[in-house]
Q: 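Encoded as structure tokens, here's the structure I'll be asking about.
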There are 2 protein chains.
Amino acid sequence: MASRQSPPASEELPRPLGRPRATGGVPIGSPRDEIVAAAGRLFADRGYAQVTMSDIARAAGLQQSSLYYWFRKKELVLQATFAVNRVPLEFINRIGARSGSPALKLYRLVRFDTLQLCRSPCDVNELERLAEGQPDLFATFWEDRQRLHDWIVTLVGAAIEEGQFVPCDPDLVALSLLSFDEGIQKRFRHQLQHGPDGANAFRHQPRAAEELAEFAAGTMLRALLKRPGDLARLQRQAATCGDD
Amino acid sequence: MASRQSPPASEELPRPLGRPRATGGVPIGSPRDEIVAAAGRLFADRGYAQVTMSDIARAAGLQQSSLYYWFRKKELVLQATFAVNRVPLEFINRIGARSGSPALKLYRLVRFDTLQLCRSPCDVNELERLAEGQPDLFATFWEDRQRLHDWIVTLVGAAIEEGQFVPCDPDLVALSLLSFDEGIQKRFRHQLQHGPDGANAFRHQPRAAEELAEFAAGTMLRALLKRPGDLARLQRQAATCGDD
DNA sequence: ACAACTTTCAATGGCTCATCGATTGCGGAC
DNA sequence: GTCCGCAATCGATGAGCCATTGAAAGTTGT
């Protein structure tokens, strides 16, 4: 068990169990969820490394040490904030069996993944850095990633088979796609922190997450398609899907 | 001044100035360079965050507190390890004025940048994360990055003008190229840490830095070229350049 | 009334970055 | 020679953060 779970959150305020909080406040729903929500906001504002357990505790109305009742380690809080909207695999299941060319599926996947990364509480690189160090704690994370990779490999292989894609190494392509998405997400986040008036740091045009996602998918697909002219049709098809 | 500089390193061992070291050892060349070298090795092995100032000090034959004579902050040590081989701008200057189509220059730049990132002591994301937090300390880093970005914008603009590239937003393309390079570098590093027999974590085929760099440049250029068929010629041209 | 359980707290330890003033040896001024 | 200043290092110390531990304060069931 990675960390303690909350009971089903009984919408009421019927004097929760356990010792009352020093602040006097009581949790509205599940304490665990409140911690995750508060942490998510803080991570988004300042980035994981800049947020201390005391910060999270304060934002959640607890003392620092009380957090460790719900999460054994700080990393697990981050993991939880990502689990909230980490759903690329759900997406695979949704469109995996459905009809559509491999190329279209790939377009939608790249677009979806980029978008979803941009909307996560903080840079996925932070998560990955921690996951590197403790593969056991983050076993699920790596399994998910592996499945994502494998699915891309399959898709690309099929597209090559059908003659839709230029011949290339599916494994390498999968690698590149995932890299690209994360890279784009990083840029998106960067521009958020240093607003358009930011004097310091690197400057470029501000972009909406949706625009970046569409561009990422378009770029990658154009590089892969045997007839790049087909991209326009692909994009029209994808436009009607409205994944989100 | 970010940190103290060493005198010109007088190849001899003529009793260096200052209080002798507790270990008895004397610096071979410039103490500063030895620190940077030692830190670079440690960073490459374990990653920046996993290396303490005490580790670096020990590896360099000093006490922890002595490091602060040469570097005011830990971040500055990392900065120095990157400065050693941070030379993308030198590359620009070298091929900037030379002949060759914008597309070829871009190909070479992407290839070079990817390669150079793969060979850096540790994940450039670490550096960027720190640079985000203290733009003043890392002003040069951001300026360099800005120049790189601007140069790409210029190149892409020229290529579009000449009809070599498909019409697109140069700023967005520059963004993507830089993102892509860093993403690829990250994958490269990942595979280094978890060797082919690594049970945990995400698995994919091991790749040489050169292969990845070539692939990155090829992919991106294919996405940009109006006639993707031109890529082969571009790659032949680039092959004779042998940047490195 | 009492025992068991849940949740919180205060106190504390250890690790790391960073600062400070003291210390050691060299070289030049006189 | 002796003394002063400088360069480079050291040891001690403090502050901040993660994490552990045992006690405390409620509720619920018997």
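Quick note on labels: first sequence line is chain A, next is B, and so on, each numbered from 1.
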Q: Rounded to the nearest angstrom, tell me the gap between atom CG in A/Leu67 and atom P in D/dT20.
A: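 Roughly 13 Å, once rounded to whole Å.
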Q: Is it the case that the side chain of A/Glu143 and the backbone of A/Thr140 share a donor-acceptor pair, with hydrogens and angles ignored and the cut-off at 3.5 Å?
A: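 Flag not set: sc A/Glu143 to bb A/Thr140 has no pair under 3.5 Å.
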Q: Whether the side chain of B/Gln64 and the base of C/dA18 hold a donor-acceptor pair under 3.5 Å is what I'd like checked.
A: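 Indeed there is one.
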Q: Please tell me which of the listed nucleotides, C/dA22, C/dA18, D/dA25, lies nearest to the side chain of B/Arg19?
A: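 For the B/Arg19 side chain, the nearest candidate turns out to be C/dA22.
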Q: Of the nucleotides D/dA8, D/dT27, D/dC18, which has the atom closest to the A/Leu17 side chain?
A: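 Within the option list, the nearest is D/dT27.
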Q: What is the distance from CZ of A/Phe71 to P of D/dT20, rounded to the nearest Å?
A: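 Those two atoms, CZ and P, are 15 Å apart.
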Q: Remember a base hit wins even if backbone is also touched, and classify B/Val51 as base, sugar-phosphate or nothing at under 4.0 Å, heavy atoms.
A: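 Answer is sugar-phosphate: B/Val51 comes under 4.0 Å of backbone atoms only.
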Q: Please confirm whether the backbone N or O of A/Ile28 pairs with a side-chain atom of A/Glu34, one donor and one acceptor, at under 3.5 Å?
A: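 Indeed, once roles are kept as given, a pair shorter than 3.5 Å links the two residues.
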Q: May I have the distance from B/Tyr48 (atom OH) to C/dC17 (atom P), rounded to whole angstrom?
A: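 It is 8 Å, rounded to the nearest whole Å.
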Q: Between atom CZ in B/Arg72 and atom P in C/dT19, what is the gap in whole Å?
A: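 In whole Å, C/dT19 P lies 8 Å from B/Arg72 CZ.
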Q: Between B/Ala49 and B/Pro20, which is nearer to the 5' end of DNA chain C once each is assigned its nearest nucleotide?
A: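 So the residue in question is B/Ala49.
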Q: Testing the 3.5 Å rule here: is there a donor-acceptor pair between the side chains of A/Asp181 and A/Gln185?
A: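 Short answer, no.
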Q: Let me know the distance between CD of A/Gln63 and P of C/dT8, rounded to the nearest Å.
A: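 Interatomic distance, CD of A/Gln63 to P of C/dT8: 11 Å.
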Q: Mind calculating the distance between CG (A/Leu62) and C1' (D/dA19) to the nearest angstrom?
A: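 Going from A/Leu62 (CG) to D/dA19 (C1'), I get 16 Å.
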Q: What is the distance, rounded to the nearest whole Å, between atom OH of B/Tyr69 and atom C1' of C/dA18?
A: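 After rounding, the gap between these two atoms is 17 Å.
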Q: Toward the 5' end of DNA chain D, which comes first, B/Gly18 or B/Ser66, by nearest nucleotide?
A: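 Taking each residue's closest nucleotide, the earlier one in sequence belongs to B/Gly18.
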Q: By the 4.0 Å heavy-atom rule, please label B/Ser65 as base, sugar-phosphate, or nothing.
A: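 Result for B/Ser65 = base.
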Q: Students often get this wrong, so: under 4.0 angstrom with heavy atoms, is A/Gln50 touching a base, only sugar-phosphate, or nothing?
A: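 Nothing, no nucleic acid heavy atom in range.
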Q: With a 4.5 Å cut-off on side-chain heavy atoms, are B/Glu126 and A/Asn125 touching?
A: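 No, every pair of side-chain atoms sits at 4.5 Å or beyond.
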Q: Expressed as a whole number of angstroms, how long is the span from B/Arg21:CZ to D/dC10:C1'?
A: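 Taking CZ of B/Arg21 and C1' of D/dC10, I get 12 Å after rounding.
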Q: Among the nucleotides C/dT19, D/dC18, C/dT16, which one has an atom lying closest to any side-chain atom of B/Tyr68?
A: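 The answer is C/dT19.
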Q: Any carboxylate oxygen within less than 4.0 angstrom of a Lys/Arg side-chain nitrogen, looking at B/Glu128 and B/Lys186?
A: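 Salt bridge absent between B/Glu128 and B/Lys186.
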Q: Between B/Lys73 and C/dA18, is there a contact of a side-chain N or O with OP1 or OP2 at under 4.0 Å?
A: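 For C/dA18, OP1/OP2 do have a side-chain N/O of B/Lys73 under 4.0 Å.
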